[in-house]
Amino acid sequence: MDPTSRLRLSLGFVSTVVSMIFGTNKGRKNLLSPGAIEILYSSYFSRICMGDIAGMLEISPSSATDLVNYLEREGYVKRAPDSENRRSIQVIPTEKGEEWVLSTEEKIYGFLESGLSRLTPDEQKQFADLCARFSGVHDTASFTSSMRSFRETGTQNRIPLIQRRNGRLLRLEEVVDTRYAHHRETDIKEEHMTVKPRIPETSDGIQDEITVEQYDHMQRGLRDDGHLPVEELVRTTKPGDNALEIGPGPGYFGLEWLKHTTGTSLTGLEISSAMIRLAEKNSHEYNLSERVIYKEGNALSMPFPQKTFDFAFSNGSLHEWEDPEKVFSEIFRVLKPGGTFSVSDLRRDLSPEIYQFMLGSCQGPEIKKGFQTSVQAAYTKEELENLLQDISFTQVQVIAHPYGLVVIGEK
């Protein structure tokens, strides 16, 4: 992966973690909004007056007053006359406000020290120096000036990523791969030298009841954290589409698609009877059981007539397909003319950093082991492109993401 994309991924992770620490990430309630937090931090580290806040946050004076009123009402700050200018009112943190800042910094410093512990002392210093050079921040004064400069000009620095081809808006990874192709060529050569041979996992799905429950718990967690990538499926869906999901497992991916589409129906083809029972239970929880049916069967020989479905998709089961070329041929057979498909899965050539991050997110020894064997059984972009070249789709594309692969196409 090129340096810019690697940095974007790393900073995205850090930004998300810090948002979680501050309690401002999506889905969590927090007493303090981002604007209120900025006022509290600014008042802790420097002198700020009521007249400074609107300009500092680029909001109206009335909105700035509302934020300070809220912080004062909750006991985080207090107003006091400026000793240097009696006509000016300072905003000063109370002990409660100072304690909030210190408590938050405890978590931030803990996160930073945990990450730095993976580096040697010399690497820690080098990393800190490089971060300072990259950000232009060396002390509190340069922090303030850099923030002011970014507010004034930062959003003007843009890389043109909104591009269309044949009337289609290109995805981010397509544009980035093209822009940084000179980096990708080097990276791909290095990856080819280190990618391990594929080790098939299972063609029978997850049948064990205990492991099924653990897998359901993990998938439910991914759903609750917003990590089931159904947005693109929803965007390309037409009202009334009849879709096929291959390997639905506990069903969350397809149920989320149903939940966010209109008049659609879904058939889930699943090889594990234990998973089907769980998916049916979950469909009742979603109040969508009238729009979905789960059928036990093998994707190598789908029990459906040809030209049945408008759309076919799968998430996370490709590495288990005993003969993926045969399954893609079956997808072609059961799709209506003009029908589309989207198949997403892990990739075997995950970067070591992403592999460790994803492994650490797995709960329970069986799920961790399952993730490891799933990665070993996954494909690379080039392998999928090779096995798809003899299937008669009108168009097909394999897109490589940092976390996996997506195959999209049309009959």
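Values below: all heavy atoms of this structure, side chains included; hydrogens, waters and symmetry mates excluded. All residue numbers refer to positions in the sequence shown, counting from 1. All values reported here derive from a predicted model rather than from experimental measurement.
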**Study point:** Y403 ring center near Y355 ring center (under 6.0 Å)
**Key:** no

**Study point:** Pair Y41 + F22: ring centers closer than 6.0 Å
**Key:** yes

So do the side chains of [X] and [Y] get within less than 4.5 Å of each other, counting heavy atoms only?
{"X": "L244", "Y": "F313", "answer": "no"}
{"X": "D224", "Y": "R220", "answer": "yes"}
{"X": "I246", "Y": "I331", "answer": "yes"}
{"X": "T262", "Y": "T237", "answer": "no"}
{"X": "F134", "Y": "L7", "answer": "yes"}
{"X": "V407", "Y": "L384", "answer": "yes"}
{"X": "E256", "Y": "R223", "answer": "yes"}

Practice item. Kindly write out the residues that satisfy side-chain contact (heavy atoms from CB on, under 4.5 Å) with T65, not counting sequence neighbours, or none if the list is empty. Key: M50, N69, R79

**Study point:** All salt bridge (Lys or Arg N to Asp or Glu O under 4.0 Å) counterparts of D129, not counting sequence neighbours
**Key:** K125

Exercise for review: List for me each residue that meets salt bridge (Lys or Arg N to Asp or Glu O under 4.0 Å) alongside E74, sequence neighbours excluded, and say none if there are none.
Suggested key: none

If you take all heavy atoms of [X] and [Y], which pair is closest and at what distance?
{"X": "I39", "Y": "V91", "answer": "CG2-CG1, 4.4 Å"}
{"X": "A279", "Y": "G249", "answer": "CB-O, 3.5 Å"}
{"X": "G268", "Y": "P248", "answer": "CA-CG, 4.0 Å"}
{"X": "P93", "Y": "L40", "answer": "CB-CD1, 4.1 Å"}
{"X": "N282", "Y": "D216", "answer": "ND2-OD1, 3.3 Å"}

Point to revise | Rounded distance (nearest 0.5 Å) linking atom CG of L346 with atom CD1 of I354 | key: 11.5 Å

Check your understanding: OG of S42 to CD1 of I37: how many Å apart, nearest 0.5 Å?
Key -> 11.5 Å

Exercise for review: Give the intermediate values and the outcome of side-chain contact (heavy atoms from CB on, under 4.5 Å) for residues S314 and W321.
Suggested key: CA-CA 11 Å; S314 176; W321 297 355; 3.9 Å; yes

Check your understanding: Is the backbone N or O of L11 less than 3.5 Å from a side-chain atom of S15, with the two atoms forming a donor-acceptor pair by type?
Key -> no

Check your understanding: Taking Y379 as the fixed residue, which of R347, R198, H319, R348 is the one that meets the side-chain hydrogen bond (donor to acceptor under 3.5 Å, both in side chains) rule?
Key -> R198

Please table the atom pairs, donor to acceptor, closer than 3.5 Å between any side-chain atom in residues 393-400 and protein atoms at least two apart or in another chain.
unit_1	atom_1	unit_2	atom_2	d
T394	OG1	E410	O	3.0
Q395	NE2	E410	OE1	3.2
Q397	NE2	E174	OE1	3.2

Exercise for review: Using a strict cut-off of less than 4.0 Å between a Lys/Arg side-chain nitrogen and an Asp/Glu carboxylate oxygen, indicate whether R235 and E232 qualify as a salt bridge.
Suggested key: yes

Review point. Are E296 and R277 ion-paired here, with the side-chain N under 4.0 Å from a carboxylate O?
Key: no

Check your understanding: Does one side chain, of S344 or N315, offer a donor that lies under 3.5 Å from an acceptor on the other?
Key -> yes

**Study point:** Partner set under side-chain hydrogen bond (donor to acceptor under 3.5 Å, both in side chains) for E113, not counting sequence neighbours
**Key:** none

Practice item. Evaluate side chain to side chain donor-acceptor pair (under 3.5 Å) for S117 paired with S114, printing each intermediate quantity in order. Key: CA-CA 5 Å; S117 67; S114 175; 4.8 Å; no

Exercise for review: Apply side-chain contact (heavy atoms from CB on, under 4.5 Å) to L388 and F328, showing your working.
Suggested key: CA-CA 8 Å; L388 284 163; F328 278 112; 3.6 Å; yes

Do any side-chain atoms of residues 299-311 form donor-acceptor pairs under 3.5 angstrom with protein atoms, and if so which ones, sequence neighbours left out?
unit_1	atom_1	unit_2	atom_2	d
T308	OG1	P305	O	2.5
D310	OD1	K336	NZ	3.3
D310	OD2	N242	N	2.8

